[in-house]
Amino acid sequence: MSALLEIHGSIAVIRIDNPPVNGLGLSTRTSINEFLQESLSRDDIAAIVLTGTAKAFSGGADIKEFGTDKTFASPNLPSVLDAIENARKPVIAAINGVCMGGGLELALACHYRITMSGCPIALPEVKLGLLPGAGGTQRLPRLLDMATCIDMVSNGSIYLSENLRQSALFDSFIDDQSSLLSSAIEFAIAKSAARPIPKTSERPVVQVGDPNLFEAARAVFHKKSPFLPAPIKCIDVLEMSTLHSFEDGLKKEREAFQFLLNGAESKALRHIFVAERAVGKIDGVNAETTVRTIKQVAVIGAGTMGAGIAMNFASAGIPVQILDAQAASLERGLLRIRQNYGATVAKGRLSQEQCERNCALISGAQDYEQIRDADLVIEAVFEQMEVKEEVFRSLDRVMKPSAILASNTSTLDLDQIAQFTSRPTDVIGLHFFSPANVMELLEIVRGKLTSPEVLATCANLSKKIKKTAVVAGVCDGFIGNRMLAQYTKQAAFLLEEGCTPQQVDRAIENFGFAMGPFRVSDLAGNDISWAIRKARRISKPDEIYSDLGDLLCEQGRFGQKTQAGWYDYTAGDRTAHPSALVANMIGDYSQKNGFKQRSISDQEIVERLIFALANEGRKILEDKIAARSSDIDVVYLKGYGFPRHRGGPMFYAELVGWDYVDAAIDTFSRGHRGETWA
Ligand code: 3HC
């Protein structure tokens, strides 16, 4: 049973009981329906209160059941809502917590709603590429003004119940939270004999003042989310409520819901919903795993990365020391932090007071002895094993026994680093992405000997600093950069065959990325990948790269910062203009090397690049560097701008079919630089 029935005198209380969020899966719907019918058939019951257990009324339809035969199995959600609205006894929703999606639709079908403050109220289906499919788009406009409805349905905005207190959504608002249920029972007794029983569907739609409201909203979403059909469909069906009867509006809503449910965008967004929650489940870590307390953090190195890392902790209210032996670089690092916070204040995203509080939590240190009491120390020094060795030997010597010793390395072998200490179980990789105070992704690198306790502590801490942490094993580039290397390589090979940077970028941007590989490289600085290639040419001399990136840098074309990269730029303007010089450089280089030129379709460009990611992702899984395929998708979404509505490279490959991907790879492997697909 996923609901409970309690009898309080003449009032039946049905409690939805399906932890963690009282999702309305088949078993919950069945239980609600059975208890409803029982309550309606009993002469001693005069009214019914519907509420939820724990902290939720209901989080809506069970997302994990979508796509299975349970989604529409009887009793489906609309039929349960229908039974409630047409019940011959009053049904009162006592909203005791999260009330979202199908959960809110359930409450809307009840005859009265009673609530308290602090309950999140939302129709967030749009975030799953859907729209409310159980009458939400037709009932809500009968209780709330259309502008609020559009915000709730098309943006999926979450409102706190107290902010809707004055609206017709609620018939009663209880200030004493502990008495919600007893108040709901009293309310039910008072309404037991009241007839007619009010139905939301029979109310008129709240007058829409502005005749251009729908058109204006559509224009906003065309611009804001051009790849997503759901927000516009949400507006369309909301408009239906003003043009058609409730029944006809409902029919249109169902059709649109079905259409979206079967679409690739919703499948991708639902995949990501589950993936983002799965990522926190770490092999060997469970609720019993001890989590160490982190009250003080230290960062080694006051460069851009070290300063950015330190800001994360200060922003979360955790004191942080930055250690740098060079007084001048320490001063520069501290100044950089102050300037960064200052810029956020100037943009209105941080108060001056908070800025001061954050800055006060950051202090400098020049000696290891000064940081010995830190609970976590993160090294962000130069990417060279000898430099790391010196740091880790020093840390091992001074840090207190329970301290976690972390490296921000993006390329070096963490297991080797751990061996520089006498406590390799306390060593972990915390790979932040630049700018470290902004980027949401954090790769937690698990060494061979890293203890579950250290992993659990860092995973827990990542939430406090608002990062999405994905656990990766030790390998060159971990998950994200290992895949990126294949993507950028193929992008350059496409130039060798006759594409222009703008053609490659446009194809990838049309796929949904905010920026293609060449615009990204110009933004990040072409000299950064140049330095990496130079190092790799020594460490991995057999690896195949295009020389084009090097030729570009040899001309000082480092990107936006030099106003010249793959594109031309003008001072103070980030607009990328195609460069005749670069076109000539590519042409000369290809001719000199005898590369056959051909016309390449946008589809091939996208497949070459996205399948390069998926192919490497598959190897990463085989090598057990990532725990699950969906973790790889989360890395790409959070760290590399992969379009959310495409679900990530692994999901995309699954959607088009691995057979298709493998056939394409087979073709690519017989083409230009085909050996790189091995
Ligand atoms: N269905 C199935 N599982 C759900 C769920 C849902 N609607 N909502 C949450 N869960 C699960 C999560 O997957 C997670 O499971 P896990 O522990 O196994 O990983 C667990 O509940 C806890 O979720 P969170 O970690 O997100 O917990 P929070 O407390 O941070 O947030 C929440 C709770 C605000 C309810 C958040 O989970 C949420 O936003 N859920 C989605 C709500 C939603 O989109 N509802 C609409 C569904 S579609 C619908 O109703 C269609 C209808 O119109 C026909």
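The structure presented is a predicted model; accordingly, all values stated were derived computationally and were not measured. Counting starts at 1 for both ligands and their atoms, in listed order.
Residues K624 and D283 are not paired through a salt bridge, judged by the lack of any N-O separation under 4.0 Å between the basic side chain and the carboxylate. Between D62 and R29, none of the side-chain N atoms (NZ, or NE/NH1/NH2) sits under 4.0 Å from a carboxylate O, so this pair counts as no salt bridge.
Relative to the six-membered ring of F214, R218 misses at least one condition, a distance below 6.0 Å or an angle of at most 45° to the axis.
Below 30°, between 30° and 60°, or above 60°: for H645 and F227 the angle between ring planes is below 30°, a parallel geometry. Note: Y640 and Y636 have parallel aromatic rings, judged against thresholds of 30 and 60 degrees for the angle between ring planes.
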Could you pull out every N or O of ligand 1 that sits under 3.5 Å from a protein N or O, with the distance for each pair?
from     : atom 1 : to   : atom 2 : distance (Å)
ligand 1 : 1 (N)  : A61  : O      : 3.3
ligand 1 : 1 (N)  : I63  : N      : 2.9
ligand 1 : 7 (N)  : G59  : O      : 3.3
ligand 1 : 7 (N)  : A61  : O      : 2.9
ligand 1 : 13 (O) : K64  : NZ     : 3.2
ligand 1 : 15 (O) : K64  : NZ     : 3.4
ligand 1 : 18 (O) : K64  : NZ     : 3.4
ligand 1 : 19 (O) : K281 : NZ     : 2.8
ligand 1 : 26 (O) : R277 : NE     : 2.7
ligand 1 : 26 (O) : R277 : NH2    : 3.1
ligand 1 : 45 (N) : G59  : O      : 2.9
ligand 1 : 50 (O) : A61  : N      : 2.9
ligand 1 : 50 (O) : G102 : N      : 2.8
ligand 1 : 53 (O) : E105 : OE1    : 2.7
ligand 1 : 53 (O) : E125 : OE2    : 2.6
ligand 1 : 53 (O) : G133 : N      : 3.0

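Applying the salt bridge (charged side-chain N to carboxylate O under 4.0 Å, His left out) test between E440 and each of K638, K463, K467 identifies K638 as the sole match.
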